[in-house]
Every structure is written in structure tokens, then in C-alpha cells.
Protein chains: 2
Amino acid sequence: MRFVDGYLPYLLARASHLVSGGFHAELHRRGVPVGVWRVLATLADGEPFTVGELAERVLMKQPTLTKLVDRMEADGLVRRREVPGDRRKVRVAITARGRALLEPLLAAARRHEREILAIVAPEEAELLKRTLARLIAALAPAPSAGEMEEDHAEGDDARGKQADAAEGLAQ
Amino acid sequence: MRFVDGYLPYLLARASHLVSGGFHAELHRRGVPVGVWRVLATLADGEPFTVGELAERVLMKQPTLTKLVDRMEADGLVRRREVPGDRRKVRVAITARGRALLEPLLAAARRHEREILAIVAPEEAELLKRTLARLIAALAPAPSAGEMEEDHAEGDDARGKQADAAEGLAQ
DNA sequence: CAAAGATCTATGAAAAAGAATATTTTTATG
DNA sequence: CATAAAAATATTCTTTTTCATAGATCTTTG
């Protein structure tokens, strides 16, 4: 057996690549860049994120995301709003237009996920998700404990959200 | 819970990103681009691959890989050799120089993988790998049944090695 | 409280990736 | 067998990403 075939990082990378591949093809047909999808999906529930937080979540470098947000803002898909307490930060929120673009993509994504999940047994799928979540929790940078303020009054967007609990970070 | 937090493709992508992240930082310190590592690791056991096969395995587009191979060939890390039966194809093989660069990276990669595996229970880790392998097998393009000829006689390279790392690093 | 350091986003130049297509060789077809 | 279609790699041109750093604001501390 070749080295990479048993190497966890490679298995993860390849599985990720293949799993996302099908949906990315779908995005491509619709003319939606992958980054745009990822940003919109992350902002789906209406809670805005700062550029840094968002970059971390969409797995991009901060300058890359800044420029992507520039483009998306120009297209009216998201907008920047200032953060009350801290004028260095900027929060990125989805707009109604962004939501309109996102909606059918979300539906397609759910369909696609179902196809993927059909490949493995249901309990196995559950365990897979849990294990991945554990890896993520153990490796993701700790949210700096001040990230859970609640004050972003929605302007043009309706939404409710649910800032959730502090991360485990045991290990 | 946010949409993406339960969405398998995202869990895979983020876990992959975080898991590889630590090692990529190590590569960066050593001045080795990620693509170079991936190509060398894929060629580690000496078997050469055509550009297309290699691109599929290292998760790059073919033109991207062609250009990476150009650079690596210029650096003497790999070399192209023609394929006997088909003059369209080119096989990319690791060189002694490439192997020399790879060796310590492999050791570091094994160390890193051990750290990661320590996060989850051993049986869980095994199941994780198996599940990922199953997804990959189900989604990867079928090898066209003619890919398994054996004739790559090594020219300038010594073969067979086994740099395995000791290093505890349990946690 | 002023200065130094840290944090956050943006920017600019350089490198890499991507899309489309050219080129060469192989395979299939009438 | 000639020609059309397919396949594999390379190339060109454009867009995106990356690296390094600037600019601005916040935090710490002597």
C-alpha cells in the first residue's frame, strides 16, 4: 500500500475533494464560484461575522476573503457594517439578494449531501460526522470568549439565530 | 445549529484544512510548497504516474500540475520519461534528489499524523479511515483497467527505504 | 496618559490557479 | 485506409491567491 493511501490527512483531503467535487460541478454549471457559495452558506442563518471570523470559517486567508467580499459586495450579495464597540472590525452580513441566490443552492446542497450519505451506512455516517466534529473542535482556534455579544440588529434581513455554547477544546 | 456545522462536505473540508494546517506550517518553515510535498509523497514508493493520474491523486487540475512538474523538474526533484506504448503520455518519477528532500518530510508527516490520531480513540480512528476510504472508492473515477502494467525500471534512483520516525509526542 | 505593542482589515506586487484551447498522438468509423 | 473523434499534455491569457506590509484602532503598561 502506498504511503498516502493510509495517511489520514490525505484521506481527509481526497474525500473532501471528491465529496465536494460533485456539488462544485453543479455550482459551476450555475456560474457560482465556490467561494461565493461558501461565504453565503456560512452566513445563511443571518448572523454576521467579522472578516477574520469568516475567513477562518470559509477556510481562506484573510486577504483572499477581503477581496472576495469586495466582489460580493459589489454584486450586492453581502454587505459590510461597522461593529459598534470596535472600529477596526467589520461585520459581513448576507443581503436579501444574497439570500435569494443562496436558497436554491442550499436545496441542491442538501440533495447532494443525501446522495453522499447514501454511500455509507447511516450509523457510520453519524459517527463520521461526530468524529470530524471532534477533530475540528480540538484543532480550531479557540473563540476568544468575547465573540458572543448579541447586538446585531437586522436591517434588511429577517432572522433569528442562536449563538451557541463555548467550545470544548479539551484534548 | 448553523447549516454548515452539520453539513458533511463542510465538516470534511474543515477537518481536512485543520488537520493539514499544522503540517503545512511545518512545510512552510522548511520552505517547501504544499504542492511539492504532495507530489513527492505520491511518488514516494517509486512508481511513476502520468500527468493525468498524478493530477487526480494530488487533487490538482491538469494544467496546474503540468506547471508544478515543470518547476519541480527544473529543480531536479522529479523527471519526465516517455511512456513506451503511448507517445502522448508522460510519466513523472521522483529522482534521488526528490527522495532526499522527501525523506525528512515523511518522517515529520508521520509524527504529525500521530499527534492528530491521538485526538480520537484508536478504534474510532480506524473506523474514520475506513469510512473515508469507502467514500473515496465510491467517488473516485475507476482506474481504466489498463493502468496496472509494471515496467518502470529505475534509472538513476536507489530504491526501497523506510525512514520511519520514532518520536513520542503522545498527548 | 503617553508610548509601545497587539489586533484587524485593506492594499499592492508577485505567484499560482483556472478556463479555454492548441498540439500531438491514438482510437474508432465508414 | 483515410478521416473523424477522442485522449493526453502543454500553452496562453485572465482571474484569484498569496505574501508582505500599510493603516487604523484598540490595549497594555510604566
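Numbers restart at 1 for each chain; the letters A, B, ... are given by sequence-line order, proteins then strands.
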Round to the nearest Å and state the distance from [X] atom [atom1] to [N] atom [atom2].
X	N	atom1	atom2	answer
A:Leu68	D:dT18	CG	P	12 Å
A:Glu82	C:dC8	CD	P	17 Å
A:Met60	C:dA10	CE	P	15 Å
B:Leu27	D:dC19	CG	P	12 Å
B:Glu73	D:dT9	CD	P	14 Å
A:Lys61	D:dA20	NZ	P	10 Å
A:Leu65	C:dT11	CG	P	14 Å

N or O in side chain of [X] less than 4.0 angstrom from [N] OP1/OP2:
X	N	value
A:Thr64	D:dT16	no
A:Arg71	D:dT16	yes
A:Thr66	C:dT9	no
A:Arg87	D:dA24	no
A:Thr50	C:dT9	yes
A:Lys89	D:dT25	no
A:His28	C:dA19	yes
A:Arg80	C:dA10	yes

Of A:Arg79, A:Arg80, A:Arg97, the one forming a salt bridge (Lys or Arg N to Asp or Glu O under 4.0 Å) with A:Glu73 is A:Arg80

A:Lys129 and salt bridge (Lys or Arg N to Asp or Glu O under 4.0 Å): which single residue from A:Glu123, A:Glu124, A:Glu113 fits? A:Glu113

Against the side chain of B:Asp86, the closest entry in C:dT9, D:dT25, C:dT26 is C:dT26

On DNA chain C, more 5' by nearest nucleotide between A:Asp70 and B:Lys67 is A:Asp70

Between B:Phe49 and B:Leu43, what is the shortest heavy-atom contact and its length? CD1-CD2, 3.7 Å

B:Arg2 with A:Glu47: basic N within carboxylate O range, under 4.0 Å: yes

Salt-bridged, A:Arg14 to B:Glu56, with N to O below 4.0 Å? yes

Give B:Pro63 one of three labels, base, sugar-phosphate or nothing, depending on what nucleic acid heavy atoms sit under 4.0 Å from its own. base

Is A:Arg88 side chain donor-acceptor paired with the C:dT7 base, going by distance under 3.5 Å alone? yes

Below 3.5 Å, does any donor atom in the side chain of A:Gln62 face an acceptor in the base of C:dA10, or the other way round? yes

